[in-house]
Amino acid sequence: MKQIALLGATGSIGVQTLDVIRLHPDEFSVYALAFGRNIEKALPLIQEFQPKMIVVQDEETKEKLSKQIDHNLILSGRGGLVEASVADPVDVVVNAVMGSIGLPATLKAIEAKKIIAIANKETLVTAGHLVMSEAKKHGVELLPVDSEHSAIYQSLNGEKKSDIHKLIITASGGSFRDKTREELVGVTVKDALNHPNWSMGAKITIDSASMMNKGLEVIEAHWLFDVPYDRIHVILHRESVIHSMVEYVDRSVMAQLGTPDMKVPIQYALTYPDRLDLPMTKQLDLEEIATLHFEKMDMERFPCLRMAYEAGRAGGSMTTVLNAANEEAVQLFLEGKISFLDIERRIEQALENHERIHNPDLSTILSIDEETRNRVRFHLN
Ligand code: NDP
Ligand code: MG
């Protein structure tokens, strides 16, 4: 029986992780359950899964929750996320919180040699060099939950990383894939939240519309698989059937296919190296799909993808700035305070005004993260 610490249990990935756990009660149990402030959504999950430890975002939420349930171990804040990740009985940490808030928990879980199923891509974008060097030092492997990275991981099964020639990451294109740049002026939050293929949390859905999600995934892939940026290729593939590919030095290409359902990569990260049945997920019907399409990515149409490549290649603190600026700009857009195209403008300004720091340590990363957020939020550039 694997004991799981689930960070971000009330989110899109969190809820689907619980769907997987519910299917296999003899395999998994929830030891720790962490969420932000959404008590209403968390209460039935707590009742059903009976976690020994609960973590919430802040003291205020902790107080409110304590009045509603009788539980002797409710923690709060970043420290609480860390405690859940390193708790002795925990075998697997599923990091599915949104944003760079997940970083300290990932680092401490590595130190404690836990199995880490990582959905929280912002952790790798903001501090990939720290995360990967800690993982190497402690002999811990990160199991990707992001569908593209799970596809690459599965396509790599048993192969040597040194035989990789290229990674090919597929992009569905998000809600605005058929709009021109002129048509993006004046698009609303509601338009952006309407993703054609996947149902996900609000922030990642906006990231998909701006193509920043693919940019973050390129950086995530660079760190997870140790492949240089000029060998990570993105192509537009609107059907989301091929979830990504690996081209080897002998030109052989391995791909992973399936219906778009996050439960597949979530479960694979939980069961690796084994597989279990996933009965509710629709089988891939290639006869019904009949045709697959692939298009070249246009970096002028999608400047967020270009900026992500540039920040990744520049390295050091640039990806910390890219991530923090994006998180804050997307939040401002969701709050109705800036337009969709302002997101990329705010990020570009933040990157232009930042003096790159080579090999930043954790405290430098956390302070750059905070400073960038303030600059973007209050438009101080
Ligand atoms: P959601 O916004 O749906 O969920 C985020 C979760 O994190 C919620 O449970 C939220 O709690 C919790 N949370 C937020 N802030 C804190 C905090 N300070 N302390 C504790 N918990 C917190 O996000 P998604 O599930 O969509 O995404 C999660 C991660 O997975 C992201 O990094 C995303 O990029 C990645 N990912 C998501 C995919 C998807 O299909 N959704 C696909 C691939 C990757 P509350 O509900 O209380 O606010
Ligand atoms: Mg993805």
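Every number for a ligand or one of its atoms is a count from 1 in the order of the listing. Here the structure is a predicted model, which is why all the values come from computation and not from measurement.
- In this structure, the protein non-hydrogen atom closest to atom 20 (C) of ligand 1 is Phe35 O, 3.1 Å.
- Of all atoms in ligand 1, listed by their number and element, those nearer than 4.0 Å to a heavy atom of Asn120 are 32 (O).
- In summary, the side chains of Gln154 and Ser150 do present a donor paired with an acceptor at a separation below 3.5 Å, with no hydrogens or angles considered.
- A salt bridge is absent between Glu348 and Arg345: the closest approach of a Lys/Arg side-chain nitrogen to an acidic carboxylate oxygen does not fall below 4.0 angstrom.
- A side-chain donor from one of Tyr153 and Glu141 sits under 3.5 Å from a side-chain acceptor of the other.
- Listed by number with element, the atoms of ligand 1 under 4.0 Å from a non-hydrogen atom of Met98 are 5 (C), 7 (O).
- Only the side chain of Glu122 comes within 4.0 Å of ligand 1, judged by heavy-atom distances.
- In this structure the side chain of Val227 never reaches within 4.5 angstrom of the side chain of His222, judged on heavy atoms.
- Looking only at protein heavy atoms, the nearest one to atom 4 (O) of ligand 1 is Gly11 CA, 3.1 Å.
- Protein heavy atom closest to atom 39 (C) of ligand 1, with residue, atom name and distance, is Ile13 CD1, 3.5 Å.
- Listed by number with element, the atoms of ligand 1 under 4.0 angstrom from any heavy atom of Ala119 are 30 (O), 32 (O), 35 (C), 36 (N), 44 (C).
- The distance criterion of under 3.5 Å between nitrogen or oxygen atoms is not met by Ala202 with respect to ligand 1.
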### Task
Please step through ring-ring contact (aromatic ring centres under 6.0 Å, His included) for the pair Tyr248 and His165, ending with a clear verdict.
CA-CA 5 Å; Tyr248 290 95; His165 176 62; over 10 Å; no

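- When only interatomic distances are considered, the shortest N/O to N/O separation between Asp146 and ligand 1 does not fall below 3.5 Å.
- Here Glu327 pairs with Arg373 in a salt bridge; the nearest charged N to carboxylate O distance falls below 4.0 Å.
- Protein heavy atom closest to atom 26 (O) of ligand 1, with residue, atom name and distance, is Gly201 N, 2.9 Å.
- Salt bridge absent: Lys114 and Asp91 never bring a charged side-chain N and a carboxylate O closer than 4.0 Å.
- Between Pro25 and Met1 there is no side-chain heavy-atom pair separated by less than 4.5 Å.
- Not a single heavy atom of Lys203 lies less than 4.0 angstrom from ligand 1.
- Of the heavy atoms in Ala34, none comes closer than 4.0 Å to ligand 1.
- Among all protein heavy atoms, the one lying closest to atom 9 (O) of ligand 1 is Thr10 OG1, 2.7 Å.
- Protein heavy atom nearest atom 11 (O) of ligand 1, with residue, atom name and distance: Gly36 N, 2.9 Å.
- For ligand 1, the atoms lying closer than 4.0 Å to a non-hydrogen atom of Ala9 are 9 (O).
- Cluster membership for Ile235 and Val246, using ILVMFWY side-chain heavy atoms within less than 4.5 angstrom, is not shared.
- Proximity of Lys121 to ligand 1, defined as any heavy-atom pair under 4.0 Å, is shared by backbone and side chain alike.
- Ring geometry, Phe294 versus His237: the interplanar angle falls under 30°, so the pair is classed parallel (tilted spans 30 to 60°).
- Glu217 contributes atom OE2 as its closest N/O/S atom to the Mg ion (ligand 2).
- Atom 29 (C) of ligand 1 has as its closest protein heavy atom Val97 O, 3.4 Å.
- Looking only at atom types and distance, the side chain of Asn213 has a donor-acceptor partner in the side chain of Glu217 under 3.5 Å away.
- Using a 4.0 Å cut-off between heavy atoms, Ile204 contacts ligand 1 through its side chain alone, with no backbone atom that close.
- Contacts with ligand 1 closer than 4.0 Å are made by backbone heavy atoms (N, CA, C, O) of Ala96 only, the side chain lying farther away.
- From the protein, the heavy atom lying nearest to atom 40 (O) of ligand 1 is Met200 CG, 3.2 Å.
- Our summary of the site lists the angle at the Mg ion (ligand 2) between OD1 of Asp146 and OE1 of Glu148 as 100°, to the nearest 10 degrees.
- Around atom 3 (O) of ligand 1, the closest heavy atom drawn from Ser12, Pro144, Ser199 belongs to Ser12.
- We find that Lys108 and Glu83 are not joined by a salt bridge, their nearest charged nitrogen and carboxylate oxygen being 4.0 Å or further apart.
- His149 and Phe225 have parallel rings, their planes meeting at less than 30° on a 0 to 90° scale where 60° marks the start of perpendicular.
- Salt-bridge formation is not detected for the pair Glu295/Arg177: no Lys NZ or Arg NE/NH1/NH2 atom is positioned less than 4.0 Å from an Asp or Glu carboxylate oxygen.
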